[in-house]
Amino acid sequence: MPEEDSFFDKVFQICEQIPRGRVSSYGAIAKAIGSPQSARMVGWAMNKSFSYSKPIPAHRVLNRMGMLSGKKAFGSPDMMQRLLEQEGVPVENDQVVDFDKYFWDPLLEL
DNA sequence: ACTTTGACTATAA
DNA sequence: GTTATAGCCAAAG
């Protein structure tokens with residue numbers, strides 16, 4: 001088994017493990033990888049997630065405030081919000097309601 | 001090879 | 001509550 005140890009691959013592996021109806025943050029994922037200061041790279045990885053071999057639920061990854069910072073990367077600005085609401089995560093004004101309640105910590109639950 | 005950019009976060013004022 | 005600044009590191013120009 002290849003077991004990718006690259007930064008991007010680790011990000012992808014964690015992202016695809018985010019439970020449906022839950023959301024996580026770039027910082028939390030970065031921390032889970034071992035580079036708590038590389039939250040930006042997580043975002044960049046998400047942008048590249050569509051090039052990855054497997055589908056990545058990038059819409060479940062938000063910034064620390066629960067804001068849909070990368071909604072534009074989904075082709076349509078409303079697509080990300082719709083996907084989240086479809087999974088049971090209410091979004092209002094480009095921000096997840098009760099983000100703390102839906103937050104999923106890879107370090108805590110993985 | 002250098003500079004700029006970016007789906008971020010933490011701290012300070 | 002907001003705005004400003006610094007730290008961070010890989011990809012793109």
Side-chain angles (χ1 to χ4, degrees):
Chain A
M1 31 181 200
E3 299 342 313
E4 314 288 356
D5 285 10
S6 306
F7 190 95
F8 276 46
D9 292 316
K10 284 189 175 178
V11 172
F12 294 142
Q13 287 174 17
I14 292 177
C15 282
E16 62 182 73
Q17 287 173 79
I18 299 177
R20 182 182 171 284
R22 293 291 210 88
V23 290
S24 190
S25 68
Y26 305 97
I29 296 172
K31 197 174 180 182
I33 296 171
S35 302
Q37 312 298 1
S38 303
R40 285 177 142 139
M41 304 302 84
V42 177
W44 202 271
M46 291 299 92
N47 194 347
K48 276 272 263 169
S49 64
F50 295 95
S51 303
Y52 192 56
S53 318
K54 304 195 271 188
I56 305 297
H59 59 274
R60 295 179 187 153
V61 185
L62 314 170
N63 67 4
R64 220 201 184 289
M65 300 185 301
M67 191 207 273
L68 282 60
S69 30
K71 63 177 184 184
K72 273 189 165 232
F74 289 82
S76 203
D78 298 332
M79 187 160 162
M80 188 175 184
Q81 175 171 343
R82 211 172 93 185
L83 285 169
L84 287 171
E85 289 179 332
Q86 201 170 27
E87 296 184 351
V89 181
V91 179
E92 186 176 304
N93 195 14
D94 294 340
Q95 191 172 308
V96 174
V97 183
D98 296 328
F99 174 69
D100 190 31
K101 188 164 121 186
Y102 294 100
F103 182 70
W104 179 80
D105 190 345
L107 281 178
L108 194 64
E109 312 210 21
L110 200 52

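FYI, side chains are in, hydrogens and waters are out, and symmetry mates aren't considered; it's all heavy atoms of this structure. To find a chain, count down the sequence lines: A is the first, B the second, and so on, and within it residues start at 1.
- Listed candidates were C:dA10, B:dA7, B:dA10. Nearest to the side chain of A:R64 is B:dA10.
- Whole-Å rounding puts the A:Y26 OH to B:dC8 P distance at 6 Å.
- A distance-only check finds a donor-acceptor pair linking the side chain of A:Q17 to the backbone of A:Q13 [under 3.5 Å].
- Rounded to an integer number of Å, the gap from A:M79 CE to B:dA7 C1' is 15 Å.
- At least one side-chain nitrogen or oxygen of A:S69 sits closer than 4.0 Å to the OP1 or OP2 atom of B:dC8.
- Counting to the nearest Å, the C1' atom of C:dC8 and the CD1 atom of A:I33 are 14 Å from each other.
- Nearest nucleotide to the side chain of A:M41, out of C:dA11, C:dC9, B:dC8: C:dC9.
- The two residues A:W104 and A:I18 have their closest heavy-atom pair at CZ3-CG1, 3.5 Å.
- If you measure from atom CG of A:D105 to atom P of B:dT9, you get 13 Å, rounded to the nearest angstrom.
- Per the geometry, CD belonging to A:Q37 stands 15 Å off C1' belonging to C:dT5, to the nearest Å.
- Using a 4.0 Å heavy-atom distance criterion, A:A45 is classed as making no nucleic acid contact.
- Of all the heavy atoms in A:N63 and A:F99, the pair that sits closest is O-CZ, 3.8 Å.
- In terms of heavy-atom proximity, A:M80 sits nearest to A:H59 at CE-O, 3.4 Å.
- Residue whose closest nucleotide on DNA chain C sits further toward the 5' end, between A:S35 and A:K48: A:S35.
- Residue A:R40 places a side-chain atom within donor-acceptor reach of the base of C:dC8, judged by atom type and a 3.5 Å distance cut-off alone.
- One can place CE of A:M65 at 10 Å from C1' of B:dC8, the figure rounded to the nearest angstrom.
- If you measure from atom OH of A:Y52 to atom P of C:dA11, you get 15 Å, rounded to the nearest angstrom.
- Residue A:W44 places its side chain closer to C:dA12 than to any other of B:dA7, C:dA12, C:dC9.
- In this structure, A:I56 places its CD1 atom 18 Å from P of B:dA7, rounding to the nearest Å.
- Under 4.0 Å is where a charged nitrogen must lie from a carboxylate oxygen, and between A:R60 and A:E87 at least one such pair does.
- Residue-level contact check: A:N63 touches the backbone only, with heavy atoms under 4.0 Å from sugar-phosphate atoms and none from bases.
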